[in-house]
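Computed from a predicted model, the values in this text were never measured in an experiment. In this chain, numbering begins with 1 at the start of the sequence shown.
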Amino acid sequence: DANDNAVAAVIVVFAVASGGGSITGGSPSTNSSGVAALGTWRLGTVAGQNSLTAAVDGVSPLLFTATGVPGPPAKVTAVAGDNQVAVAGTAVTVAPAVRVTDSNDNPVPDVAVTFFETSGGGSVSPGSVLTDAVGVSSTARWTLGISVGANTLSASVPDLPPLGFSASAVGFTVENV
């Protein structure tokens with residue numbers, strides 16, 4: 001009340017204000033200590049700010065906030081650099097890049113992605129790169145093997161199947177000018 005005394009049996013209405021999610025026990029009454037406890041608050045599936053209001057008739061509502069963070073890596077998808085053609089022994093034009101997301105498609109930052117040559121010879125540098133704030137990791141350079149033919153590269157994240165990239169190494173010809 002106005003004198004900071006606990007008031008029992010007052011209904012407090014809780015409601016999700018932003019971020020999605022859900023609550024249970026959204027209209028509890030205060031106990032003898034003046035406390036009303038929400039059952040549960042499940043945050044929305046999109047990482048970021050979530051908010052909840054608690055309202056009592058005749059009083060400005062209170063706002064509670066919580067920040068949802070991405071879950072563990074659940075999916076690796078190609079962003080760039082697949083199905084390229086380059087002269088044997090040279091680097092492809094577009095460096096392979098992947099996006100790592102959680103089970104709700106939120107990007108997961110700071111995940112180590114290992115890029116490694118799986119066929120055709122050649123090299124990749126650097127071999128391990130952390131994902132950025134939007135879940136993307138890219139090796140700087142994929143140099144194809146010196147023989148004409150198929151080359152493959154894999155991008156691997158712990159506990160997930162590797163993702164393959166392919167490129168064709170072609171020969172070059174010298175023409176009269």
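- Residue D1 qualifies as enclosed at atom CG: its count of foreign heavy atoms under 6.0 Å is above 12.
- Applying the side-chain contact (heavy atoms from CB on, under 4.5 Å) criterion to V148, with sequence neighbours excluded, gives no partner residue.
- Every side-chain contact (heavy atoms from CB on, under 4.5 Å) that S51 has, sequence neighbours left out, goes to A17, S18, L63, T65.
- By the neighbour-count criterion of 12 heavy atoms within 6.0 Å, atom CG of L130 is densely surrounded, having more than that number from other residues, nucleotides or ligands.
- Each side-chain hydrogen bond (donor to acceptor under 3.5 Å, both in side chains) pair with one or both residues in residues 136-145, not counting sequence neighbours, appears once here: E117-W142, R141-T143.
- Here L153 contributes atom CG and F116 contributes atom CZ; the two are 8.0 Å apart, rounded to the nearest 0.5 Å.
- A donor-acceptor pair under 3.5 Å is formed between the side chain of N151 and the backbone N or O of G149.
- Applying the side-chain hydrogen bond (donor to acceptor under 3.5 Å, both in side chains) test to residues at least two apart or on different chains, none of the pairs has a partner in residues 85-97.
- Atoms CZ and CG, from R99 and L163 in turn, are 13.5 Å apart once rounded to the nearest 0.5 Å.
- Annotation: side chain of V157 is not in contact with side chain of T131 (no heavy-atom distance under 4.5 Å).
- I11 belongs to a hydrophobic cluster whose other members, connected by ILVMFWY side-chain contacts under 4.5 Å either directly or through intermediates, are V13.
- The number of heavy atoms from other shown groups lying within 6.0 Å of CG (D159) does not exceed 12.
- Proximity of a side-chain donor or acceptor of N3 to a complementary backbone N or O of N5 within less than 3.5 Å is not detected.
- Each of T118, V92, V98 was compared with F165 under the side chain to side chain contact (heavy atoms under 4.5 Å, CB included) criterion, and only V98 meets it.
- In this structure a side-chain-to-backbone donor-acceptor pair under 3.5 Å is present from N106 to T45.
- Evaluation of the side-chain contact (heavy atoms from CB on, under 4.5 Å) rule for P162 yields S154, S156 as partners, not counting sequence neighbours.
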Worked verdict on N104 versus V46 for side chain to side chain contact (heavy atoms under 4.5 Å, CB included): CA-CA 7 Å; N104 292 308; V46 176; over 6 Å; no

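- Taking 4.5 Å as the limit, every side-chain heavy atom of T24 sits out of range of all side-chain heavy atoms of R42.
- Judged by distance alone, with hydrogens and angles left aside, the side-chain atoms of N50 form a donor-acceptor pair with the main-chain N or O of G48 at under 3.5 Å.
- The backbone N or O of V7 sits less than 3.5 Å from a side-chain atom of T30, completing a donor-acceptor pair.
- Taking OG1 of T40 as the start and CG of L38 as the end, the distance is 6.5 Å to the nearest 0.5 Å.
- Side-chain contact between D82 and S166 is present, with at least one heavy-atom pair separated by less than 4.5 Å.
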